[in-house]
K.L.:
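Sharing a structure below in structure tokens format, with a few things to ask.
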Amino acid sequence: MSHILVTGGTGYIGSHTCLQMLLSGFEISIIDSYVNSSTKVLDSLIKLGKEYNKDFLEKINFFKGDIRDELLLDSIFKKSRINSKPISSVIHFAGFKAVGESFNYPLKYWQNNLNGSISLFKVMNQNNCRNIIFSSSATVYCQTNSFPVSEEGIVAASNPYGQTKLAIEKLLRDLTNSDERWRIIALRYFNPVGAHPSGTIGEDPVGIPNNLFPIICQVASGRIDRLKVFGKNWPTKDGTCLRDYIHVMDLAEAHKASIELLFDNTQDNFLVLNIGNGIGISVLEAINKFQEINKCNISYSFVERRNGDLPIIIADNKKALSLLNWKPNRDLNQMCSDAWNWQKKNPNGY
Ligand code: NAD
Ligand code: UFG
């Protein structure tokens, strides 16, 4: 088992992936600036380790800092050793992710996401570490595709956030073209939801959430009055948008499988994989299932369509299913119960 650097490892997807990597026997160094995460995440991970009878303290090195700080990054690559092992690969989560905010603050997004990635890849190269899993997004697919969309679908992101993801994917492809020692997998996540079933780690959005599941949870807990459903006349089965929700633990497992694939010399140097369930769930279906599974009431009303929404976004996940030793195992019931369990146990987040 090897030692992995996880950028953004205390964030939502990062924390669940760190847990999965640790449980699978990997050692991890984490760099996170805490710009969008809690300082309590690490304690929660250590606590969870104890529940699995594991001492994670011996397996984690944590560095508080920004990935644009190349001196810090360089010193991490040069000095961070766990059980004498140097960092052999990177899982790169660190970045900003709010689509709406990216329209208002494009510089903030380009600076953090692109400059951060450039610094990271530069320092990796200097330190002879050229294995990386990158967090990309289904938001790179444009409206003209038919869904489920495969990795060959047309990419043209409709928002600055998605543009930064596409630019980073292009940069990664250029790196593999320039030096065949790079081994890269870009994972295009669809809609990650849910939490670890213990409710010890989960999604903790700062301020008023933008995404459907955190909003449903906060309506259920009484923090938000009602859910505004964006549009009721979309060309779908019940008039509300279809999304491909994927349990965050399934997503975490996809990272572990991707790291294993990186070390398998038969793969292409540069791979793009859709990570979704391949099932479209409407907003109304999500609300109804949440109410049924958690025996609670979600007040909602219909409002105008949200700018930039697409009616249908569903993954064709065949490539991931065939190349990774992975498949999603958790259904919508589990997503709803785990999301609510986290919310109930942590009504104010961490
Ligand atoms: P998150 O905000 O919870 O986690 C990102 C982490 O990165 C945070 O802990 C934040 O503090 C840290 N960070 C940000 N910029 C940094 C920097 N310059 N230096 C060091 N740390 C920094 O987000 P998430 O939902 O866990 O998403 C992780 C990745 O997956 C992001 O790159 C995001 O764009 C991508 N993604 C997320 C979704 C989603 O719906 N959550 C969907 C598709 C892709
Ligand atoms: N929705 C509502 N009301 C709300 C919030 C959302 O009706 O208050 C609807 C949206 O219209 C959409 C669905 O719920 O139909 C899901 O919306 P989210 O905001 O949860 O997710 P998006 O599909 O818009 O986007 C998410 C992430 C992006 C990522 C994308 C990948 O926010 O970062 O998934 O598919 F790129």
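Since this is a predicted model, take the numbers as computed values, not measurements. Ligands are counted one by one from 1 in listed order, and the atoms in each one are counted from 1 as well.
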K.L.:
Students should be able to answer this: which protein heavy-atom is nearest to atom 25 (O) of ligand 1, and at what distance?
P.N.:
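It is Lys97 NZ, 2.8 Å.
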
K.L.:
Could you tell me, atom by atom, which parts of ligand 1 come under 4.0 Å of a heavy atom of Ser135?
P.N.:
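So the answer, numbered in order with elements, is 29 (C), 30 (O), 32 (O), 35 (C).
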
K.L.:
The test is ring pair (Phe, Tyr, Trp, His ring centres under 6.0 Å); show your working for Tyr34 and Phe62 and say whether it passes.
P.N.:
CA-CA 12 Å; Tyr34 288 131; Phe62 179 78; 5.3 Å; yes

K.L.:
Starting from atom 19 (N) of ligand 1, locate the nearest protein heavy atom and write down its residue, its atom name and how far away it is, to 0.1 Å.
P.N.:
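Protein heavy atom with the smallest distance to atom 19 (N) of ligand 1: Ile67 N, 3.0 Å.
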
K.L.:
Is there a side-chain contact between Ile154 and Cys142 in this structure, where contact means two heavy atoms from C-beta onward sitting under 4.5 Å apart?
P.N.:
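Yes, close enough: below the 4.5 Å cut-off.
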
K.L.:
Using a 3.5 Å distance criterion without hydrogens, assess whether the side chain of Asp244 forms a donor-acceptor pair with backbone atoms of Phe190.
P.N.:
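No; zero donor-acceptor contacts below 3.5 Å.
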
K.L.:
Any idea which part of Ser136 is under 4.0 Å from ligand 1, heavy-atom wise: side chain, backbone, both or neither?
P.N.:
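Looking at Ser136 and ligand 1, just backbone atoms fall under 4.0 Å.
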
K.L.:
Give a yes or no on whether the backbone of Pro106 and the side-chain of Ser102 come within a donor-acceptor separation of less than 3.5 Å.
P.N.:
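Answer holds: no.
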
K.L.:
Got the closest protein heavy atom to atom 5 (C) of ligand 1, with its distance?
P.N.:
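The closest one turns out to be Gly95 O, 3.9 Å.
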
K.L.:
In sequence, state the C-alpha distance, the side-chain angles, and the governing distance for Asn294 and Asn341, and then conclude on side-chain contact (heavy atoms from CB on, under 4.5 Å).
P.N.:
CA-CA 9 Å; Asn294 297 317; Asn341 183 45; over 6 Å; no

K.L.:
Could you give the N/O to N/O pairs under 3.5 Å linking ligand 2 and the protein, each with its distance?
P.N.:
from, atom 1, to, atom 2, distance (Å)
ligand 2, 3 (N), Lys228, O, 2.7
ligand 2, 7 (O), Phe230, N, 2.9
ligand 2, 11 (O), Asp309, OD2, 2.5
ligand 2, 17 (O), Arg306, NH2, 3.4
ligand 2, 19 (O), Asn211, ND2, 3.0
ligand 2, 19 (O), Arg306, NH1, 3.3
ligand 2, 19 (O), Arg306, NH2, 2.9
ligand 2, 20 (O), Asn211, ND2, 3.4
ligand 2, 20 (O), Leu212, N, 2.8
ligand 2, 21 (O), Asn191, ND2, 3.2
ligand 2, 23 (O), Asn191, ND2, 3.0
ligand 2, 23 (O), Arg243, NE, 2.6
ligand 2, 24 (O), Arg306, NH2, 2.8
ligand 2, 32 (O), Asn211, ND2, 2.8
ligand 2, 34 (O), Asn191, OD1, 3.4
ligand 2, 34 (O), Asn191, ND2, 3.4
ligand 2, 35 (O), Asn191, OD1, 3.0

K.L.:
Are Phe134 and Phe93 near enough that their ring centres are under 6.0 Å apart?
P.N.:
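That pair fails the under 6.0 Å test.
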
K.L.:
Could you list the atoms of ligand 1 found under 4.0 angstrom from a heavy atom of Tyr161?
P.N.:
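Once the distances to Tyr161 are compared, the set is 33 (C), 34 (O), 35 (C), 36 (N), 43 (C), 44 (C).
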
K.L.:
Using side-chain heavy atoms (C-beta onward) and a distance below 4.5 Å, is His3 in contact with Ile28?
P.N.:
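No. Closest side-chain heavy atoms not under 4.5 Å.
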
K.L.:
Run the ring-centre check on Phe290 versus Tyr300 and record whether the distance is less than 6.0 Å.
P.N.:
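For Phe290 and Tyr300, the ring centres are not under 6.0 Å apart.
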
K.L.:
Just to be sure I read this right, does ligand 1 sit under 4.0 Å from the backbone of Lys165, its side chain, both, or neither, counting only heavy atoms?
P.N.:
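For Lys165, the contact with ligand 1 is made by the side chain alone.
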
K.L.:
Are any non-hydrogen side-chain atoms of Asn83 and Glu27 less than 4.5 angstrom apart?
P.N.:
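The answer is yes; the side chains approach within 4.5 Å.
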
K.L.:
Please list the nearest protein heavy atom to atom 30 (O) of ligand 1 with its residue and the distance rounded to 0.1 Å.
P.N.:
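That would be Tyr189 CE1, 3.3 Å.
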
K.L.:
Hey, which atoms in ligand 1 end up nearer than 4.0 Å to a heavy atom of Gly8?
P.N.:
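Result: 6 (C), 7 (O), 12 (C).
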
K.L.:
Begin with the C-alpha distance, continue with both residues' side-chain angles, and end with the deciding distance and a verdict on ring pair (Phe, Tyr, Trp, His ring centres under 6.0 Å) for His255 and Tyr189.
P.N.:
CA-CA 11 Å; His255 289 83; Tyr189 313 150; 5.4 Å; yes

K.L.:
Check each atom of ligand 1 against the heavy atoms of Thr10 and keep those under 4.0 Å away; list them by number with element.
P.N.:
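Listed by number with element, the hits are 9 (O).
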
K.L.:
Find all atoms of ligand 1 within a distance of less than 4.0 Å from any non-hydrogen atom belonging to Gly65, and give their numbers and elements.
P.N.:
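Every atom of ligand 1 under 4.0 Å from some heavy atom of Gly65: 19 (N), 20 (C).
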
K.L.:
Give yes if a backbone or side-chain nitrogen or oxygen of Gly11 is under 3.5 Å from a nitrogen or oxygen of ligand 1, and no if not.
P.N.:
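Such a contact does occur with ligand 1.
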
K.L.:
Run the side-chain contact (heavy atoms from CB on, under 4.5 Å) test on Asn36 and Lys97 for me, step by step, so that the C-alpha distance in whole Å, both residues' side-chain angles and the decisive distance to 0.1 Å come before the verdict.
P.N.:
CA-CA 10 Å; Asn36 197 37; Lys97 63 167 179 176; 4.2 Å; yes

K.L.:
Identify the closest protein heavy atom to atom 13 (N) of ligand 1: which residue and atom is it, and at what distance?
P.N.:
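Protein heavy atom at minimum distance: Val35 CG1, 3.7 Å.
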
K.L.:
Ligand 1 versus Asn112, non-hydrogen atoms closer than 4.0 Å: side chain, backbone, both, neither?
P.N.:
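Just the side chain.
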
K.L.:
Which is it for Tyr34 and ligand 1 at heavy atoms under 4.0 Å: side chain, backbone, both or neither?
P.N.:
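The backbone, only.
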
K.L.:
I'd like to know if the side chain of Asn113 reaches the main chain of Gly95, judged simply by a donor and an acceptor atom lying under 3.5 Å from each other, with no hydrogens or angles considered.
P.N.:
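Between the backbone of Gly95 and the side chain of Asn113 there is no qualifying donor-acceptor contact (under 3.5 Å).
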
K.L.:
Within the structure, is a non-hydrogen atom of Pro192 found at a distance of less than 4.0 Å from ligand 1?
P.N.:
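For ligand 1, residue contact (heavy atoms, under 4.0 Å) with Pro192 is present.
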
K.L.:
Using the ring of Phe96 (Phe, Tyr or Trp, six-membered ring only), decide whether Lys108 places NZ or CZ under 6.0 Å from its centre and within 45 degrees of its axis.
P.N.:
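Yes, Lys108 lies over the aromatic ring of Phe96.
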
K.L.:
Of the protein's non-hydrogen atoms, which lies at the shortest distance from atom 12 (C) of ligand 1, and what is that distance?
P.N.:
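That would be Asp32 OD1, 3.3 Å.
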
K.L.:
So which protein heavy atom does atom 2 (O) of ligand 1 come closest to, and at what separation?
P.N.:
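Nearest protein contact, heavy atoms only, for atom 2 (O) of ligand 1 is Asn36 ND2, 2.7 Å.
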
K.L.:
Is it the case that over 12 heavy atoms from other parts of the model lie below 6.0 angstrom from the NZ atom of Lys345?
P.N.:
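Above 12, so yes.
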
K.L.:
Hey, is the main chain of Glu253 close enough, under 3.5 Å, to the side chain of Trp326 for a donor-acceptor pair?
P.N.:
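Here the side-chain-to-backbone pair does not exist.
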
